[in-house]
Novice: 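Below is a structure I'd like to ask you about.
A note on names: the letters A, B, ... follow the listed sequences, proteins ahead of strands, and every chain is numbered from 1.
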2 protein chains.
Amino acid sequence: MNKKPNLKDVAKVAGVSAITVSRVLSNPDKVSEKLRVKVEQAVHEIGYIRNHAASALASRRSGVIAVIIPSLSNIVFNDVLQGIYSAVKPHHLQVILGDCHYSPLEEEKLIATLLSQSPEGFILTGTDQTHYARKLLQQSGIPIVQLMELSDCPIDMNIGFSHFNAGVDITNHLLQKGYRKLGFLGARMDPRTQQRLAGFKKAIADFKQPCQSYVVTTTQSSSIRLGGQLLQAVMAESQGQCDAVFCCNDDLALGALFETKRMNLKVPADIAICGFNDLEASALVEPSITSVASPRFEMGQQAVELLMTASGEDKTHKPPIDVGYRIVERAST
Amino acid sequence: MNKKPNLKDVAKVAGVSAITVSRVLSNPDKVSEKLRVKVEQAVHEIGYIRNHAASALASRRSGVIAVIIPSLSNIVFNDVLQGIYSAVKPHHLQVILGDCHYSPLEEEKLIATLLSQSPEGFILTGTDQTHYARKLLQQSGIPIVQLMELSDCPIDMNIGFSHFNAGVDITNHLLQKGYRKLGFLGARMDPRTQQRLAGFKKAIADFKQPCQSYVVTTTQSSSIRLGGQLLQAVMAESQGQCDAVFCCNDDLALGALFETKRMNLKVPADIAICGFNDLEASALVEPSITSVASPRFEMGQQAVELLMTASGEDKTHKPPIDVGYRIVERAST
DNA sequence: AGCCAAAATGATAGCGCAACCATTTTGACT
DNA sequence: AGTCAAAATGGTTGCGCTATCATTTTGGCT
């Protein structure tokens, strides 16, 4: 096997100059039909593939955007990723993806690594980056989008919704339905989960009638199984009094629902359940589960569009974009 | 904002030569403690980040591996991805991920694009690449792993398990349990699903006693909801005779299970259900669902390790690695 | 102290491509 | 045919880094 063909090899085969081959690949319009065809044939014949590193170095355009998500296993970020990938395609960009496992320190390292790829834009999840990470990002001069939640002082651009407000609203929903002994089931306890919990507490505190709350949280990562365990825990803590639970996500809610069957509790008569994120299963289980929906796919798409329209040097303050959320009321409440 | 600092800027600040800075970043062992510390301080002080394109160009090592999966929304590939990311970390590699949407043609384009990044290895899902794609891959000279299923003529390395055998086994499981009117519910109908179906048909054909089969498939992508619809369809086609269904994945199986409740069918008394992939929910729903488990995370990990130990120029035939599968028998059968 | 191999450091060149500017060709118009 | 602007093509250079080789420094030994 000879070494990989380069521009000059193609040029030789096609009988043109190297720069013409380069133009055929990046600006076909600038080349006459005749040469273009000749070059394209040569490219296909010898299986030439452009060296991205050299191209990026010479053009100062890497053609990649960097994305960091807190977890690959959480299906929520999958939806966002799909939006990102779908939006990226027409721009002919590649995505470099990092998983920071919910750790700002790991995220900081990842940011440094990914910045070395000279991305043309950066998409981050959440707003709790370390100080040094923010410095690196700002210094890079590229457009940046912080995703999922809203921030008072975004690094650059920001798109998401208020998890606090959503927490308040869903709790009020339970209160309006007449439930008075509310449990909060929380796993992982990342910033967004904490905001939902804060909303839960605020709604309870502001409620005009007497009511009770039980908060059960763990830093373990979320799973369906854990939802069942947390339901057990909250029933124990409330001595069986708890009549409604707000689960910080739909996995926990599903697990809690399955657990109610084993505990012989009727939903929503004995206990109401609501989740967060509105996964497909929540609508299809029996009884279906009330949840909070948000446009995750669209958030991902919009993040890419924001990056593409931003100049990067534009240091004006851009107001956060609130994509909102929607409480989907179902049989479980 | 000044332009981004480069090696020389760091060298100036640290009072050393550029090449020494380079060495601190890539071979710290080759540099004396004294200089190393000085350089590291300088790097941190001015927030220097190495230009990956230049580094890759000069060193002929890109530090990336390419991965193509058929779908971002299928949680199955998520598990594989997690394995890949976890294994890649200690090697200080980046992953460039592509989603080919189950299309070999899209995959071919993606392969060309990803090869331009000069990846040091390539992980593909399945074994149905186009002819030109295979040519490009072979010509690239890098190690290649085809994942998930086993092939008679892999491009290079291959790791997976036999979906045909799994289909045979799970069907025999149903037959042994006494079910005789078996339905197959299939969505997407990608190659692996087709192999499972072929296994289903083989088991039926080889069975010594009279039995009936009903095959309901669609090329729509899989979902829980679709599982319910397909169950309806198979019951219609079999005029209510069908007493067991093999769903080509657990999403369909969950949907079918939820649908049985609406149809007032008892599982497994009226109808047995089994799925494929052994998702978490399958073990926790009521009744729990029999499924086929495979080591997806480990497959991803092992694929990376294979890439790392392969020289790439080694053209000897490597035997496929069969990771096997396991039928997890549960209450639904 | 003197010697020498090993370790540390530095100078130079070139990786493959596209930006920039120079040159040639085209073709619309008088 | 002659003119000239626009389009097409090409030559040169440098992007920022590391491989390679050259040189200097170190330190263990006699």
Side-chain angles (χ1 to χ4, degrees), chain A residues 2-40 42-43 46-64 92 113 115-120 140-141, chain B residues 2-40 42-43 46-64 92 113 115-120 140-141:
Chain A
N2 301 331
K3 58 195 268 284
K4 267 186 281 183
N6 63 21
L7 262 190
K8 275 184 196 156
D9 300 328
V10 181
K12 219 173 293 168
V13 172
V16 298
S17 72
I19 185 67
T20 299
V21 178
S22 171
R23 267 194 282 259
V24 169
L25 296 174
S26 18
N27 288 86
D29 308 343
K30 301 276 178 199
V31 181
S32 68
E33 172 80 9
K34 202 177 61 181
L35 285 195
R36 191 168 54 67
V37 171
K38 240 198 308 189
V39 169
E40 279 168 354
V43 165
I46 66 178
Y48 169 73
I49 286 182
R50 174 158 48 178
N51 182 320
H52 170 264
S55 169
L57 182 59
S59 68
R60 265 147 279 194
R61 302 206 61 226
S62 67
V64 312
H92 296 284
T113 308
L115 278 178
S116 78
Q117 305 269 348
S118 313
E120 297 178 20
S140 76
Chain B
N2 302 331
K3 59 194 268 282
K4 269 185 281 183
N6 61 23
L7 261 192
K8 276 184 197 158
D9 300 328
V10 180
K12 219 173 294 168
V13 171
V16 299
S17 72
I19 185 65
T20 299
V21 178
S22 171
R23 267 194 282 257
V24 169
L25 297 175
S26 17
N27 286 87
D29 307 342
K30 303 275 177 198
V31 180
S32 68
E33 172 80 7
K34 202 177 61 182
L35 284 194
R36 191 168 55 67
V37 171
K38 244 200 305 189
V39 169
E40 279 168 355
V43 165
I46 67 179
Y48 168 73
I49 286 182
R50 173 158 50 177
N51 182 320
H52 170 263
S55 169
L57 182 58
S59 68
R60 266 147 277 194
R61 301 206 63 224
S62 68
V64 312
H92 296 284
T113 307
L115 278 178
S116 78
Q117 305 270 349
S118 314
E120 297 177 19
S140 75

Novice: Encode nucleotides 5-13 of chain C as B, S and - characters from 5' to 3', where the letter depends on protein heavy atoms closer than 4.0 Å: B to the base, S only to sugar-phosphate, - to neither.
Specialist: ---SBBB--
Novice: Applying side-chain contact (heavy atoms from CB on, under 4.5 Å), can you list everything that pairs with B:Ala54, at least two apart in sequence or on another chain?
Specialist: A:Leu57, B:Asn51
Novice: Could you pull out the protein-nucleic contacts involving nucleotides 13-17 of chain D (nitrogen or oxygen on both sides, under 3.5 Å)?
Specialist:
from	atom 1	to	atom 2	distance (Å)
D:dG16	N2	B:Ala54	O	3.4
D:dC17	OP1	B:Tyr48	OH	2.2
D:dC17	OP1	B:Asn51	N	3.4
D:dC17	OP2	B:Leu7	N	2.6

Novice: Test your reading of the model: is there a side-chain donor-acceptor pair from A:Ser118 to the backbone of A:Ser62, 3.5 Å cut-off?
Specialist: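 Checked: no pair found.
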Novice: What side-chain donor-acceptor pairs closer than 3.5 Å can you find for residues 23-35 of chain B, not counting sequence neighbours?
Specialist:
from	atom 1	to	atom 2	distance (Å)
B:Ser26	OG	B:Ser22	O	2.7
B:Glu33	OE1	B:Arg36	NH2	2.6

Novice: Kindly write out the residues that satisfy salt bridge (charged side-chain N to carboxylate O under 4.0 Å, His left out) with B:Arg60, not counting sequence neighbours, or none if the list is empty.
Specialist: none
Novice: Can you list everything that forms a side-chain contact (heavy atoms from CB on, under 4.5 Å) with A:Ala14? Sequence neighbours excluded, please.
Specialist: A:Val16, A:Val39, A:Ala42
Novice: Could you list the residues that satisfy side chain to side chain donor-acceptor pair (under 3.5 Å) with B:Thr20, not counting sequence neighbours?
Specialist: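 In terms of side chain to side chain donor-acceptor pair (under 3.5 Å), with neighbours along the sequence ignored, B:Thr20 is linked to B:Ser17.
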Novice: What residues form a side-chain contact (heavy atoms from CB on, under 4.5 Å) with A:Thr113, not counting sequence neighbours?
Specialist: B:Gln94
Novice: Could you state the CZ-P distance from B:Arg61 to D:dA19, rounded to the nearest angstrom?
Specialist: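 Taking atom P of D:dA19 as the reference, CZ of B:Arg61 is at 9 Å.
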Novice: Holding to side-chain contact (heavy atoms from CB on, under 4.5 Å), I want the full list of residues that pass it with B:Asp9, two or more places apart in sequence or in another chain.
Specialist: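 Per chain and number, B:Asp9 pairs via side-chain contact (heavy atoms from CB on, under 4.5 Å) with B:Pro5, B:Asn6, B:Lys12, B:Ile46.
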